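For reference, the structure discussed in these notes is given below.
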Amino acid sequence: MNEVRGWLLDLYAGEEQGLVLWIITESGERKRFLHDFPITFYAAGPPDLLRQAWRFLQNDPIQKTLSGSEQLDLFSGPQKVLAVSVTNPAEQPRCFHDLWRRFPALIYYNTDIPLTVRYAAALDLFPLARCRLIADEADHVQAIEALDSPWDLNPQLPPLRILRIEPNVDPQHDSPRFVTIHGARGPMRIPIEPWRGLMLTIRANINRYDPDLILTRWGDTWLFPRLMVFCKQQGITYFNPNRDSHKRPLQRKENSYFTYGQIVYRGSQFHLYGRWHIDQQNAVMVGDYGLPGVLEQARVTGLPVQEVARKSPGAGVTAMQMQMALRRGILVPHTKQQAEEFKTLSELIHADRGGLVYQPLIGLHRHVAEIDFISMYPSLMVHYNVSPETVGQGGDLDSIIPELDRPIDQSREGVVPATLRPLIAKRLALKQQMADMDPRDCRYQPLKARAAGLKWLLVVCFGYLGYKNARFGRIEAHEAVTACSRDVLLTSKETAEEAGYQVLHMYVDALWVKRQSSQAADKPVTEAEVRQLLDTIAERTGLPIALEGIYRWVAFLPSCLDDRIPVPNRYFGIFADGTIKTRGIELNRGDTPPFIAAAQREALQILAALPEDRPPADALPEIISHLRGVIAALRGGQLSPETLLITHRVSRLPDEFRAASPAARALRQLAVHGYERRPGQRVQFIYTRGNPGVYAWDLPEVFNPAAVDIARYSDLLIRAAHTILQLFGIEKEKLRTLLLSRTIQLQLPLTRTS
DNA sequence: TCCTCACGGGG
DNA sequence: GTGTACGTGAGGA
């Protein structure tokens with residue numbers, strides 16, 4: 001018998017039996033173990049049908065044990081079920097599938113739970129867990145235990161060996177000539193032709209360095225698929241980037257799927273066994289929270305590292321809820337795998353009609369404090385115990401939320417709040433550590449990435465609650481949360497008003513307040529005063545709340561179509577420290593050409609640079625002169641084509657467009673030259689004069705700068721400038737003259753705002 | 001004026 | 001094989 005201490009690196013079903021575990025030992029070895037781990041799933045239904053199913057399974061050659069038992073359904077309580085325990089995890093999917101095909105009328109549970117999630121629920125062992133195991137001479141695990149927990153704030157992680165491989169250019173648009181390999185030693189450049197040489201070099205590097213993680217760019221969509229195709233053509237069987245030579249890498253096809261109200265493109269995937277492969281170009285969220293965030297998510301969700309790197313956080317939330325259900329002995333219903341997330345982006349961008357939206361007072365306001373609830377929806381779910389199985393259960397009707405016409409059972413913590421509680425606590429604790437640290441400290445960035453990884457799990461969980469296809473979703477629970485949120489915001493408004501503040505605006509989880517005009521409205525409100533208000537609100541609502549900041553001034557914008565109507569989410573302002581915050585204006589949009597976003601930002605920076613005691617309108621001459629400079633550069637052809645690029649994410653194939661929008665015309669241009677864009681991918685173009693009015697970026701022919709549609713870009717610039725300058729009473733047409741006239745007008749017709 | 005299409009957060 | 005918010009704004013017919 002051997003005792004081994006180390007970290008759990010990888011876990012999957014073995015080909016012949018049990019689970020395969022890869023452990024990075026404390027002494028630095030990478031060791032493969034086998035662990036017997038039967039997988040149980042359940043079927044419920046009429047007794048005679050269950051008896052037929054039992055007989056069917058007895059005649060099926062897959063090794064398993066059958067038993068009758070009683071398990072808890074989240075909604076309908078105890079159920080008599082047939083338990084099917086498949087000895088070899090690799091055979092469980094097929095066993096279930098055969099049964100399901102033969103008995104589609106039965107209700108199935110625990111059929112599609114990821115292996116790592118089952119393992120975490122059964123043994124507290126999650127990806128990257130530190131563990132101690134005892135194995136026999138054949139490396140079969142006899143006993144294993146965790147030495148740390150997903151909720152440890154600063155766990156000790158294994159030292160990972162990382163091999164980086166990336167081509168010199170984007171293979172989608174160009175033909176790479178070499179790849180750079182960065183491993184044990186410094187970078188080396190390997191020519192792509194001949195592929196045989198490239199394959200041998202990569203193989204040699206993998207063998208020599210034995211990396212735990214191969215970090216690539218376009219490894220999913222280009223490098224590995226191409227290498228495999230090459231090897232197949234040449235009849236080469238010895239190239240295997242896995243650490244586990246018993247298995248071939250797992251390839252998944254590219255797809256476009258609908259989620260959060262838009263089409264997302266996900267390239268093909270190339271997963272390894274015994275080590276990880278992450279393609280930074282295909283791991284959508286990696287840019288947001290980086291490798292530390294991915295590892296953090298793997299630890300808390302129990303999903304494999306390679307999966308969390310490529311999936312959206314919705315999959316992580318589902319995994320956490322499944323794990324919680326397994327731990328509590330609650331059945332996880334089988335649903336055919338649909339879109340992985342809630343269908344709307346609403347909770348993400350605060351546009352949910354369920355959340356309270358207030359009409360702001362249009363115009364510029366001085367000395368305004370913005371107060372935000374922290375992770376408001378998750379906090380509400382925990383605070384009010386909102387869960388699919390608690391809403392509408394027990395308790396009396398006039399319970400906690402006046403607006404809510406149904407009770408929420410408070411006798412036991414629900415599955416969803418129980419899942420969220422440690423997540424919220426951990427994120428807050430990490431943020432607390434960050435607050436006590438110098439941002440230049442090398443430990444700061446990883447903390448931030450981990451906190452961001454957790455934040456995303458919290459953000460999507462609310463959407464899941466209302467998603468009818470989610471395992472633990474129920475629309476009533478979703479409504480309960482939004483009802484609670486409105487109640488909380490209204491309570492906050494009352495509290496603020498009682499404390500002598502005027503509430504200028506409220507938006508889902510934030511409110512903007514200033515002193516009542518009777519109370520020396522122009523005297524800056526102090527942080528200490530607002531903190532007092534915060535404490536009162538936190539006390540009355542029971543929710544965590546934070547001061548986003550105190551604005552020198554903030555401007556709420558009217559609708560572009562009717563300047564008397566305010567829109568709730570278009571505003572900008574300058575905080576006391578000079579920081580700019582903007583929402584919903586041109587520079588926030590991904591489809592604004594970079595030079596326009598930059599010009600708008602510059603205008604705001606000029607405003608921010610103004611001494612505090614001067615009125616904002618004093619910045620006008622400098623802003624106008626700056627914008628005139630931008631127009632001059634545009635006319636003079638001094639702007640690089642890249643800064644003129646408009647980026648759109650297209651929702652359909654070129655011939656599926658009903659309207660010849662600029663993006664559609666750019667797509668067609670690309671198609672003519674044999675360049676393909678799948679729905680969900682980006683297309684970039686420049687407005688040009690004449691037909692077709694666009695130049696699609698990435699076209700092989702050279703871009704002619706003389707073709708740029710200067711009038712059109714001027715219009716876009718004027719529009720963006722007007723968004724800011726309308727506050728100073730400058731009409732769009734006046735602005736056009738100010739910016740476009742060839743002679744400089746010395747007198748600026750300015751209306752001062754009070 | 002109507003229709004189509006795309007965007008949106010936070011740190 | 002997946003499902004289509006909602007409000008706003010832009011561009012084209």
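Chain identifiers are assigned alphabetically (A, B, ...) following the order of the sequence lines, protein sequences preceding nucleic acid strands; residue numbering begins at 1 within each chain. Since we're looking at a predicted model, the values are computed, not measured. Computation of the quantities below employed the complete heavy-atom set of this structure, encompassing side-chain atoms and omitting hydrogens, waters and symmetry-equivalent molecules.
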*Taking the six-membered ring for Trp, are A/Phe703 and A/Tyr695 parallel (under 30°), tilted (30 to 60°) or perpendicular (over 60°)?*
tilted

*Count the heavy atoms belonging to other residues, nucleotides or ligands that lie under 6.0 Å from CD of A/Gln251, then report whether that count exceeds 12.*
yes

*With sugar-phosphate meaning primed atoms plus P, OP1 and OP2, does A/Arg712 contact a base, only sugar-phosphate, or nothing at under 4.0 Å between heavy atoms?*
sugar-phosphate

*Quick one: A/Asp509 CG to B/dG10 C1', roughly how many Å, whole number?*
11 Å

*Consider the side chain of A/Ser559, meaning its heavy atoms from C-beta on, and name the nucleotide among C/dG9, B/dC7, B/dG10 that approaches it most closely.*
C/dG9

_Between C1' on B/dG10 and NZ on A/Lys581, what's the gap in Å once rounded to a whole number?_
9 Å

_Separation of C/dG12 C1' from A/Phe657 CZ (nearest whole Å)_ = 14 Å

*asked:* Between A/Arg589 and A/Glu586, does any NZ, NE, NH1 or NH2 come within less than 4.0 Å of an OD or OE carboxylate oxygen?
replied: no

*Of the candidate nucleotides C/dA10, B/dG10, B/dA6, which contains the atom at the shortest distance from the side chain of A/Arg719?*
C/dA10

*Which listed nucleotide (B/dC7, B/dA6, C/dG11) is nearest to the side chain of A/Arg649?*
B/dC7

*Within this structure, what is the CG-to-P distance between A/Asn691 and C/dG12, rounded to whole angstrom?*
10 Å

*asked:* Is it the case that the side chain of A/His334 and the backbone of A/Asp112 share a donor-acceptor pair, with hydrogens and angles ignored and the cut-off at 3.5 Å?
replied: no

*From the options C/dT8, B/dG11, B/dC5, select the nucleotide whose nearest atom is closest to the side chain of A/Val567.*
C/dT8

*Determine the interatomic distance between P on C/dT2 and the same-named atom on B/dC7; round to the nearest Å.*
24 Å

_Expressed as a whole number of angstroms, how long is the span from A/Leu667:CG to B/dT4:C1'?_
15 Å

*Looking only at side-chain atoms of A/Cys560, point me to the closest of C/dG9, C/dG12, B/dA6.*
C/dG9

*Using whole Å, report how far CD1 of A/Ile565 lies from P of C/dG9.*
10 Å

*Among the candidates C/dG12, B/dG8, B/dC5, find the nucleotide nearest to the side-chain atoms of A/Arg665.*
C/dG12

*Say you pick atom C1' in B/dG8 and the same atom in C/dG1; how far apart are they, in whole Å?*
28 Å

*Is A/Ser651 near enough to B/dA6 that one of its side-chain N or O atoms lies under 4.0 angstrom from OP1 or OP2?*
yes

*Would you mind telling me which of B/dG10, C/dT8, B/dG11 lies closest to the side-chain atoms of A/Arg583?*
B/dG10

*Report the nucleotide, chosen from B/dG8, B/dC5, C/dG11, that has the shortest atom-to-atom distance to any side-chain atom of A/Arg652.*
B/dC5

*Mind checking A/Ile646 for me? I need base, sugar-phosphate or nothing, with any heavy atom below 4.0 Å counting as a touch.*
nothing

*Taking atom C1' of B/dG8 as reference, at what distance in whole Å does atom CG of A/Leu557 sit?*
15 Å

*A/Asp715 CG - C/dG9 P separation (whole Å)*: 17 Å

*Which nucleotide in the list B/dG11, B/dA6, C/dG11 gets nearest to the side chain of A/Glu548?*
B/dG11

_Heavy atoms of other groups near A/Arg252 CZ, more than 12 under 6.0 Å_ = yes

*When you measure from the side chain of A/Leu716, which nucleotide among B/dT4, C/dG11, C/dG9 comes out closest?*
C/dG11

*Test side chain to side chain donor-acceptor pair (under 3.5 Å) on A/Thr221 and A/Gln281 and set out the steps.*
CA-CA 9 Å; A/Thr221 49; A/Gln281 295 299 126; over 6 Å; no

*Do any side-chain nitrogens or oxygens of A/Arg658 fall under 4.0 Å of OP1 or OP2 in B/dC5?*
yes

